[in-house]
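Heads up, the thing below is written out as structure tokens.
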There are 2 protein chains.
Amino acid sequence: MVRVRTVDRRLFLLIEIAARCLSREADVRLRVEAGVTASQSAVLFLLLQRGERRLSSIGAMLALSAPAVTGLVNRMQSAGLVVKRKDPQDRRGVLVDLSETGRGAAEAANRVLRNLNAGLDEQLGEDKAGVVCDVLTQLVLSKNG
Amino acid sequence: MVRVRTVDRRLFLLIEIAARCLSREADVRLRVEAGVTASQSAVLFLLLQRGERRLSSIGAMLALSAPAVTGLVNRMQSAGLVVKRKDPQDRRGVLVDLSETGRGAAEAANRVLRNLNAGLDEQLGEDKAGVVCDVLTQLVLSKNG
DNA sequence: CCCGATTCATTCAGATGTGAAAACAATCCG
DNA sequence: CGGATTGTTTTCACATCTGAATGAATCGGG
């Protein structure tokens, strides 16, 4: 078993580096093929899978702070990707949903992400990729509940 | 085998979420116990392990763009953690090294990172944590050379 | 019914990233 | 020698995060 030493074994540092690498690659392809950024694609993915949601719900699922969600969604609204409306049941809340444009972009982004993910699975092997997904998922759940 | 569905299995999205979670936790402890941020700790770690380096070398090892390194190191210099000097061999380059203060901070940050990492190993199991490290390392190397 | 506590979103200031383009230094080569 | 090219860093404009403070709506116990 090769033990490569990039930055020792400090997972905290390594995961950020890896995330930057992947994110950069994803961002380029998402911009070209779907016209959205990587951050935006996460929101689009969520809305496409789960439908209209609160800002707070988006923040919880993506582990983003409230101000981060506000800014990200506002920029997406300016770009015509999503629509915001006050929650009629509880007017403190704000509901976000895909626009028609946004739905198209979300589907395009989804294809890009699926391709990228398939590439990763191939590069790493399905078994290892699976372990990584499980571990990261477990990690996220343990930190957020 | 439990297959949790946080955000399907799009590793590109999941790794960013996980990185945010870990980074946030690390940042709090690093600020309290070492007086530095998570980003700064990566640079300190590198300089402590490898000694004085070029800005470009730091960027390559941490997968950061040149402007990111310039900004990060400048803030660290303002904070008294590092010292910059022109490379006497090739005056295009800029060498960065730890200050006395920086060395202390680096050692403190190192202890924090070691503790955090030990906690992760315990939570995930050494074998799984090892797989994740190997996979992420492989990934980073394949993207950067 | 009302006021204090809670919840949700926004604003704010600042750290951290990016790509594009400018500023310089070194090197190549005709 | 000198102009073109290459390499390194910085500047710039902007997207993306964070915690802290604020505002707005709801809830719940008198």
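Basis for what follows: all heavy atoms, side chains included, without hydrogens, waters or symmetry-related copies. Values in this document were obtained by computation on a predicted structure and should not be read as measured data. Residue numbers start from 1 in every chain, and the chains themselves are labelled A, B, ... in the order their sequence lines are given, proteins ahead of strands.
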*How would nucleotides 8-15 of chain D be written as a contact map, 5' to 3', with B for base contact, S for sugar-phosphate-only contact and - for no contact, using protein heavy atoms under 4.0 Å?*
SBBBB--S
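- For Arg20(A) and dG17(C), the shortest distance from a side-chain N or O to OP1 or OP2 is below 4.0 Å.
- The nearest whole Å value for the distance from the CG atom in Asp87(A) to the P atom in dA9(C) is 9 Å.
- In this structure, Ser39(A) reaches the sugar-phosphate backbone alone: every heavy-atom distance under 4.0 Å involves primed, P, OP1 or OP2 atoms, never a base.
- Closest of all the heavy-atom pairs between Thr70(A) and Leu55(A) is OG1-CD1, 4.4 Å.
- At dC17(D), none of the side-chain N or O atoms of Ser65(A) fall inside 4.0 Å of OP1 or OP2 (strictly under the cut-off).
- Between Cys21(B) and Leu139(A), the closest side-chain pair of non-hydrogen atoms is not below 4.5 Å.
- The salt bridge (Lys or Arg N to Asp or Glu O under 4.0 Å) contacts involving residues 68-77 of chain B comprise nothing, where partners must be two or more places apart or lie in separate chains.
- Rounded to an integer number of Å, the gap from CG of Leu30(A) to P of dT16(D) is 12 Å.
- Between the P atom of dT16(C) and the CD1 atom of Ile17(A) lies a distance of 15 Å, rounded to the nearest Å.
- Judged by closest nucleotide on DNA chain D, Glu16(B) is the one of Lys86(A) and Glu16(B) placed further toward the 5' end.
- The interatomic distance linking Met76(A) (CE) with dC17(D) (P) rounds to 11 Å, in whole Å.
- Regarding Asp27(B), its CG atom lies at a distance of 10 Å from the C1' atom of dG19(D), rounded to whole Å.
- If you take CD1 of Ile58(A) and P of dT16(D), they are 14 Å apart, rounded to a whole angstrom.
- Within 6.0 Å of CZ on Arg24(A) lie more than 12 heavy atoms contributed by other residues, nucleotides or ligands.
- Using a 4.0 Å heavy-atom cutoff across all strands shown, Ala63(A) reaches sugar-phosphate atoms only and no base atom.
- Heavy-atom neighbours of Arg103(A) CZ from other residues, nucleotides or ligands within 6.0 Å: at or below the threshold of 12.
- Rounded to a whole Å, the CZ atom of Arg24(B) is 13 Å from the C1' atom of dT16(D).
- Rounded to whole Å, atom P of dA9(C) lies 13 Å from atom CZ of Arg85(A).
- Taking all atoms of both residues into account, the shortest heavy-atom contact from Asp27(A) to Ala38(A) is OD1-N, 2.7 Å.
- Contact check for Thr37(A) versus Arg31(A): side-chain heavy atoms found under the 4.5 Å cut-off.
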